[in-house]
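Some notes on the structure that comes next.
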There are 2 protein chains.
Amino acid sequence: MIELDKISKRILRELELNGRISNAELANRVGLSASACLRRVQELERLNIIKGYKAVLNQTELGIGCIAYVAVGLSSHTKDAQVAFESAITLSPEVKECHNITGPYEYLLRVETTDLIAYKKFHTDVLGTSAHVASITTHVVMGSPKDDRA
Amino acid sequence: MIELDKISKRILRELELNGRISNAELANRVGLSASACLRRVQELERLNIIKGYKAVLNQTELGIGCIAYVAVGLSSHTKDAQVAFESAITLSPEVKECHNITGPYEYLLRVETTDLIAYKKFHTDVLGTSAHVASITTHVVMGSPKDDRA
DNA sequence: TTTATGATGAAATTATCTTGCTTTGTTTTA
DNA sequence: TAAAACAAAGCAAGATAATTTCATCATAAA
């Protein structure tokens with residue numbers, strides 16, 4: 001774990017909020033000159049503390065009409081079974097996240113599709129055909145009062 | 001829902017991958033001149049299809065050592081109970097996501113803390129003191145083979 | 001005290017963005 | 001079919017912003 005001073009933390013906070021702010025404006029907000037600010041940002045990138053930048057898209061406008069969290073249980077807990085499941089799931093574009101979790105199920109997936117019909121298809125074609133899948137529990141998202149990672 | 005042509009979709013894909021790519025480079029990748037490309041990007045922003053840009057930070061390096069998905073059940077399903085719970089939870093910085101889901105529980109939270117100790121504290125101080133909370137089921141994330149929203 | 005190190009700000013340079021105008025291609029209308 | 005009307009593209013110059021360079025200052029070790 002890396003310890004950062006106040007200014008660098010401030011830089012990260014600003015960039016998380018607006019990743020495309022100009023360097024001059026960022027410098028202004030954190031109280032540094034443009035060059036000093038840029039050096040810090042580049043250093044943060046070099047240290048991989050800033051892993052990258054991405055545009056936040058409006059899913060609704062783009063036709064993502066169905067988001068679901070899916071808990072998946074495996075019938076086999078061997079390494080091979082996990083690797084097989086993970087690589088199958090990772091290839092599916094509908095699966096935006098795949099977390100290996102503690103509890104009665106092994107995996108929690110976030111699946112985004114255009115609509116429930118498409119989800120059903122994913123459910124059948126992808127989950128239904130994956131080896132070792134023992135149980136599937138779908139939780140459709142009705143709303144997200146908070147989503148800082150969006 | 002808005003229909004986009006191939007080029008605009010390509011632009012979105014590139015910007016999602018690298019939100020800080022220069023306009024010239026982006027134009028090059030999508031096969032447009034810089035000015036035409038910029039106009040499209042600005043239009044996408046104006047239409048709120050691109051909601052913004054953000055830096056992707058390395059949580060591990062910054063001391064996020066414990067990530068958990070927490071299923072929360074409420075004892076009351078009135079609108080008031082939901083609003084109260086949501087506003088309490090929204091204020092907690094540890095809660096990065098709060099989804100209202102179908103199924104036996106009402107909410108699925110993503111909670112990020114420095115370590116398990118801090119999670120325990122969140123569990124007790126925040127969830128434990130929220131009105132209407134009937135059940136809490138914690139799933140600690142052991143790993144994320146895929147996390148496109150990170 | 002001297003020296004080395006690291007970080008800063010100002011200025012110069014380089015790259016990139018942005019805008020107005022022209023051109024191209026497509027659709028509409030006579 | 002031809003001309004008009006429109007939309008989107010490219011080009012190029014001027015405006016902005018990013019990046020490098022360099023001199024300075026503060027701090028800590030020798």
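Residue numbering restarts at 1 for every chain, and letters A, B, ... go by the order of the sequence lines. What you see below is based on every heavy atom in this structure, not just the backbone, and it leaves out hydrogens, waters and symmetry mates.
For the atom pair OG (A/Ser87) and CD (A/Gln82), the distance works out to 11.5 Å, reported to the nearest 0.5 Å. A distance of 9.0 Å separates CG of A/Asp148 from CD of B/Glu112, quoted to the nearest 0.5 Å.
For the segment residues 4-18 of chain B, the set of residues with a heavy atom within less than 4.0 Å of an atom of DNA chain D is empty.
Residue pairs meeting the ring pair (Phe, Tyr, Trp, His ring centres under 6.0 Å) criterion with at least one member in residues 30-77 of chain B, sequence neighbours excluded: A/His99-B/Tyr69.
Partners of B/Glu16 by salt bridge (charged side-chain N to carboxylate O under 4.0 Å, His left out), not counting sequence neighbours: none found. Take A/Asp5 and apply the salt bridge (charged side-chain N to carboxylate O under 4.0 Å, His left out) test, not counting sequence neighbours, and it matches A/Arg40.
By the rule that hydrophobic residues join a cluster once side-chain heavy atoms approach within less than 4.5 Å of another member, B/Tyr105 and B/Phe85 end up as members of separate clusters.
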Report all interatomic pairs (protein N or O, nucleotide N or O of nucleotides 10-20 of chain D) with separations under 3.5 Å.
from: D/dG10; atom 1: OP2; to: B/Ser33; atom 2: N; distance (Å): 2.7
from: D/dG10; atom 1: OP2; to: B/Ser33; atom 2: OG; distance (Å): 2.8
from: D/dG10; atom 1: N7; to: B/Ser35; atom 2: OG; distance (Å): 3.4
from: D/dG10; atom 1: N7; to: B/Arg39; atom 2: NH2; distance (Å): 3.4
from: D/dG10; atom 1: O6; to: B/Arg39; atom 2: NH2; distance (Å): 3.1
from: D/dC11; atom 1: N4; to: B/Ser35; atom 2: OG; distance (Å): 2.7
from: D/dA18; atom 1: OP1; to: A/Asn23; atom 2: N; distance (Å): 2.7
from: D/dA18; atom 1: OP2; to: A/Asn23; atom 2: N; distance (Å): 3.1
from: D/dA18; atom 1: OP2; to: A/Ala24; atom 2: N; distance (Å): 3.2

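Distance, A/Glu43 CD to C/dT8 P: 11 Å, rounded to whole Å.
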I'd like a table of donor-acceptor pairs (distance under 3.5 Å, sequence neighbours excluded) in which one partner is a side-chain atom from residues 120-127 of chain A, with atom names and distances.
from: A/Lys121; atom 1: NZ; to: A/Asp125; atom 2: OD2; distance (Å): 2.7
from: A/Thr124; atom 1: OG1; to: A/Lys120; atom 2: O; distance (Å): 2.9

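Checked against B/Val70 for a side chain to side chain contact (heavy atoms under 4.5 Å, CB included), the options B/Ile89, B/Val95, B/Ile136 give a single hit: B/Ile136.
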